[in-house]
Amino acid sequence: MKGTVQITVPCGVVSKTILEGIGRLQRESVIGIRGTIKKMPKAPRGVEIIPEELRILNIAKPLPFEMRGRARLDIRLDERTLDLRRPESRAIFRIRHATLNAIRSFLLKEGYMEIQTPKIIASATEGGAALFPIIYYGREAFLAQSPQLYKEQLASVYEKVFEIGPVFRAEEFHTTRHLCEITSVDIEEAFVKAEDVMRVLESMIAFVIEIIKTKCDYELLILKRRLEIPRLPFPRFTYDDILEELRREDIHITWGEDLPTPALRKLGRLHKDYYFITDWPTQSKPFYMLPRGDNPRICDAFDLMHGWIEIASGGTRIHTRKLLEKRIKEQGLTPESFTFHLKVFDYGMPPHAGWGLGLERLLMALTGKKNIREVIFFPRDPRRLKP
Ligand code: ATP
Ligand code: MG
């Protein structure tokens, strides 16, 4: 048995030692109780325990916030371990646990092999700005912002690979959807295109929701969250469709630019559920995305959105060395720093595609939490390095 149970201490029935002991307790103290179970229809589980023996294992000090009330998020995060004992926080992390399990079992069932790639790396993958530099035996190195290059290399060996692991982003701004350390779910697959991995992604999301609905019904109840299994396929809009839609709402975006936050907010009001944005301008995406043969200004990349929040990014990758080198230069990076990666393309690199999904972003969609810090045990952001 697990959960909460009511303990009632009627004066005159339980011993004086127990009464005194109970009197010394503070909220969240740790105790052991032996006693008689009595029916009590009004109690939370329909029973209560009348103690015959009390063991005080550890008395808590007065708490910094009211466990059942509302406390400011930053105060709760300062005392995160205590905060996690609140039913709502506990429910979120049960869902996180179930989500990770569901993702892993889905990808294994689909034939992907789990890989681990280095988190200390020598060069940028998603552009230089968001990197954390570190000193590696006197040399400059970085914390990995994505497993991108390594998962592509391993897809050339195992064809279908996935990784669930940390990635690091030196974000400059303090937002409700950015952290500096996240868990990224990545897949990469040989001999397929963007559309194929989009289908894997949307089926995985639907599978996860189905599992959460059945396995976490209690947690969803605590969070007052209703989940619907989304219909497949998810709607697909091109970048140009989206720009046009925004223009009608009087938001004007220069072709080629990424979508700024106000535009995303507007999109979230127009599209509440999951949808894809495809056919992105090549200049707005990382160097490894495959430009279209018929129109190289556009690449075969997609984002998966939920309302205004980006959940995943992916696409068909470049698989020839010459084009990859050209794109690295065009993005203002130096091919020399990618020699270790480029030479793999000389030994027979199959065409391939994949995506990366931010676990915490998906959890925001699943739990309905508006601040990403709610869905990670110990958030790291530009202002927070502790606890
Ligand atoms: P955004 O535009 O929202 O900052 P991005 O396009 O820079 O994200 P990608 O490089 O595409 O991010 O990373 C893949 C996925 O990782 C994103 O779709 C998102 O789910 C997640 N992600 C990226 N950066 C962060 C971050 N700083 N905090 C939380 N999740 C992130
Ligand atoms: Mg992206």
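In listed order, ligands and their atoms are each counted from 1. Positions are given from 1 along the sequence.
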**Study point:** Heavy atom of E171, distance to ligand 1 below 4.0 Å
**Key:** yes
Review point. Using heavy atoms and a threshold below 4.0 Å, how should the contact between A312 and ligand 1 be classified: side chain, backbone, both, or neither?
Key: backbone
Review point. Taking only heavy atoms of L179, which atoms of ligand 1 are found under 4.0 Å from at least one of them?
Key: 26 (C), 27 (N), 28 (N), 29 (C)
Practice item. For R177, counting its heavy atoms only, list the atoms of ligand 1 lying under 4.0 Å from any of them. Key: 28 (N), 29 (C)
Review point. Quick check: does any side chain N or O of T175 sit under 3.5 Å from a backbone N or O of R177, one acting as donor and the other as acceptor?
Key: yes
Review point. How about F234 and Y275: are their ring centres within less than 6.0 Å of each other?
Key: no
**Study point:** Per-atom contacts of ligand 1 with H178, taking only distances under 4.0 Å to non-hydrogen atoms
**Key:** 1 (P), 3 (O), 4 (O), 26 (C), 27 (N), 28 (N)
Check your understanding: So is there a nitrogen or oxygen of G356 less than 3.5 Å from a nitrogen or oxygen in ligand 1?
Key -> no
Check your understanding: Ion pair present between D279 and R292, side-chain N to carboxylate O less than 4.0 angstrom?
Key -> yes
Exercise for review: Say whether S184 and ligand 1 are in contact under the criterion: heavy-atom distance to a ligand atom below 4.0 Å.
Suggested key: no
Exercise for review: Going by heavy-atom distance to atom 10 (O) of ligand 1, choose the closest among H306, R169, Q148, Q145.
Suggested key: R169
Point to revise | Between T99 and R104: side-chain donor-acceptor atoms closer than 3.5 Å | key: no
Study note, to complete from the structure: Note: heavy atom closest to atom 31 (C) of ligand 1, options I182, I372, V167, belongs to I182
Revision key, fill the gap. Within 4.0 Å of some non-hydrogen atom of S313, the atoms of ligand 1 are 11 (O), 18 (O)
Exercise for review: Considering only NZ, NE, NH1 and NH2 on the basic side and carboxylate oxygens on the acidic side, decide whether E325 and K322 come within less than 4.0 Å.
Suggested key: no
Check your understanding: Going by an N to O cut-off under 4.0 Å, is there a salt bridge joining K193 and D196?
Key -> no
**Study point:** the Mg ion (ligand 2) to nearest N/O/S of D303 below 2.8 Å
**Key:** no
Practice item. Using a strict cut-off of less than 4.0 Å between a Lys/Arg side-chain nitrogen and an Asp/Glu carboxylate oxygen, indicate whether R248 and E245 qualify as a salt bridge. Key: no
**Study point:** Per-atom contacts, ligand 1 versus G358 - under 4.0 Å to a heavy atom
**Key:** 15 (C), 16 (O), 20 (O), 21 (C)
Point to revise | Considering only N, O or S atoms of E310, the one closest to the Mg ion (ligand 2) | key: OE2
Practice item. Have a look at ligand 1 and work out which part of R361, if any, has a heavy atom under 4.0 Å from it: side chain, backbone, both or neither. Key: side chain
Point to revise | Centroid-centroid distance, F237 to H271, less than 6.0 Å | key: yes
Practice item. Counting heavy atoms only, name the option from M305, E310, E181 that's nearest to atom 18 (O) of ligand 1. Key: E310
Point to revise | Close aromatic pair by centroid cut-off 6.0 Å: F168 and F132 | key: no
Check your understanding: Going by atom types only, do N371 and R373 share a side-chain donor-acceptor pair under 3.5 Å?
Key -> yes
